[in-house]
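Values below: all heavy atoms of this structure, side chains included; hydrogens, waters and symmetry mates excluded. All values reported here derive from a predicted model rather than from experimental measurement.
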2 protein chains.
Amino acid sequence: MSPECAKRPAILERETLILSAARRVFLELGFVSATMDAIADMAGVSKQTVYNHFGSKEELFASMVRSGCKEILTVLQMGADRGDPEQTLRSMGRRFLEMALQPEKLALRRVLLGEIAQFPELGQIYYRSGPAFLRGQLAEYLEKQDRNGFLVVADPQLMADQFVGMLSVCLMKAELGIKPEMNPDERERYIDHAVGLVMSVTRPGTATLPGKPG
Amino acid sequence: MSPECAKRPAILERETLILSAARRVFLELGFVSATMDAIADMAGVSKQTVYNHFGSKEELFASMVRSGCKEILTVLQMGADRGDPEQTLRSMGRRFLEMALQPEKLALRRVLLGEIAQFPELGQIYYRSGPAFLRGQLAEYLEKQDRNGFLVVADPQLMADQFVGMLSVCLMKAELGIKPEMNPDERERYIDHAVGLVMSVTRPGTATLPGKPG
DNA sequence: GTCTATATGAAGATAGAC
DNA sequence: GTCTATCTTCATATAGAC
């Protein structure tokens, strides 16, 4: 143990503390309604300390979003290929929905969308850390399967995009707070159906989509 | 002409005026940053007049959202069935994207999502006027085609949902402000691909999806 | 119903001591 | 670096005359 540990939280710990408080307050109230006072109180530090570390409300918000996106990336990055294409798709889809449907992630999306006009770059950051990342993994996988002759995929990018889209319907409803909420069984039906759709048009010998004539 | 027309705008006109000003200000700034002063100025009336007509900022916001949703419904309600299933799907999809991708509609979605926590019922209103309405029309259409033997659709609701989902990917990107923006040609590719996917799994004689054994 | 003027309260940011 | 106390600004909502 280094000496400063005994005295008070180290700087990094303190910033983490403030970020985590900022997350709770911003996600509950939105950018404008959230106050620096509330964030400082929740972190157990003075307002001035918050300003010392993050400069302004805007910078604090951006830092909070970036840290949330980093978390998403970390979770989605776990290996995906399971050999069997059908199982691989299913597993990717399940992981995506589980992640994105967490109340905290839904709240992050909402508050982020509300502030897109003021923080345009945060939209890109979120997109890359979530939907685009999954889409990239998936497109890469589909392309590999196509090269190896296990699947027939004329446009892997587009197919991956629309696979994500078919699942994102669940997200949209959750985001809008549509009742009744979708239960896990229903989510599974959406995953099954999406996987089934993709599988039936990519099965070798049944090239029915444009761009890849039999 | 009735006498009061000559003097000043009628009450209904005045409310329309305020609503339209509210829309512009709310959509540009979001709920909290928008000020009653700005709305009153833009409408060319005094702030007190705004309060007389709409009671509070919250009620004004809700009224603005409701009027925006009513517009969407009006546009999407135009007849859809064109006989040929493929053409019908394409036309429905095109109409949906054209509507939803309008900058004003994107802004409405964004600001609405940002305020879902404070106005839960507005999420339902929006959903019913947009995605759910299209989904309903589409599901009904698919079911009819299934009954008549032109298509094989085991679960029309789910299929309709995921058709909307495949198109909504375009929406998601636009909402997040992802650059470069999608051009009309690219949108058309998404529509084509989604229609192609649905058509290939619903063509009679190739029942490859679960729930509808041949 | 409409206007001008104002009271009230709150939030972002800073000053100055330790 | 951290804290307490304060400054400045601004938006909601109301009061009172026409």
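In this structure, CZ of A:F61 is placed 13 Å from P of C:dG12, rounded to the nearest angstrom. Put simply, CD1 on A:I39 is 11 Å from C1' on C:dG12, counting in whole angstrom units. The OH atom of B:Y51 sits 16 Å away from the C1' atom of C:dC3 (whole-angstrom rounding). Atom CZ in A:F54 sits roughly 14 Å away from atom C1' in D:dG1 (whole-Å rounding). Between the CG atom of A:D37 and the P atom of D:dA5 there is a distance of 13 Å, given to the nearest Å. Between the P atom of D:dT12 and the NZ atom of B:K57 lies a distance of 4 Å, rounded to the nearest Å. Between B:L17 atom CG and C:dG1 atom C1' the separation is 15 Å, expressed in whole Å.
Shown here is A:Q48, whose CD atom has more than 12 heavy atoms of other residues, nucleotides or ligands within 6.0 Å. When the shell of 6.0 Å around CD of B:E28 is examined, it contains 12 or fewer heavy atoms from other residues, nucleotides or ligands.
Distance CD1/B:I18 to NE2/B:H53: 5.0 Å, rounded to 0.5 Å. Residue A:F163 holds its CZ atom at 7.5 Å from CD1 of A:I191, rounded to the nearest 0.5 Å. In this structure, B:L171 CG and B:Y190 OH are separated by 12.0 Å, a value rounded to the nearest 0.5 Å.
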For this session: Test salt bridge (charged side-chain N to carboxylate O under 4.0 Å, His left out) on A:R187 and A:E98 and set out the steps.
Result: CA-CA 9 Å; A:R187 284 212 309 261; A:E98 265 167 20; 5.1 Å; no

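Between A:R14 and D:dT2, a side-chain N or O to OP1/OP2 separation shorter than 4.0 Å is present. The shortest distance between the side-chain N/O atoms of A:H53 and the OP1/OP2 oxygens of D:dT2 is below 4.0 Å.
Contacts of A:A34 with the nucleic acid, taken as non-hydrogen atoms under 4.0 Å apart, involve only primed sugar atoms and P, OP1 or OP2.
For A:T35, counting side-chain heavy atoms from C-beta on, the closest listed nucleotide (C:dT14, C:dA11, D:dA13) is C:dA11.
Among the candidates B:V201, B:D161, B:L158, the single residue satisfying the side chain to side chain contact (heavy atoms under 4.5 Å, CB included) test with A:H193 is B:L158.
Near-neighbour residues of DNA chain C inside residues 43-50 of chain B, defined by a heavy atom below 4.0 Å, number-ordered: B:V45, B:S46, B:Q48, B:T49.
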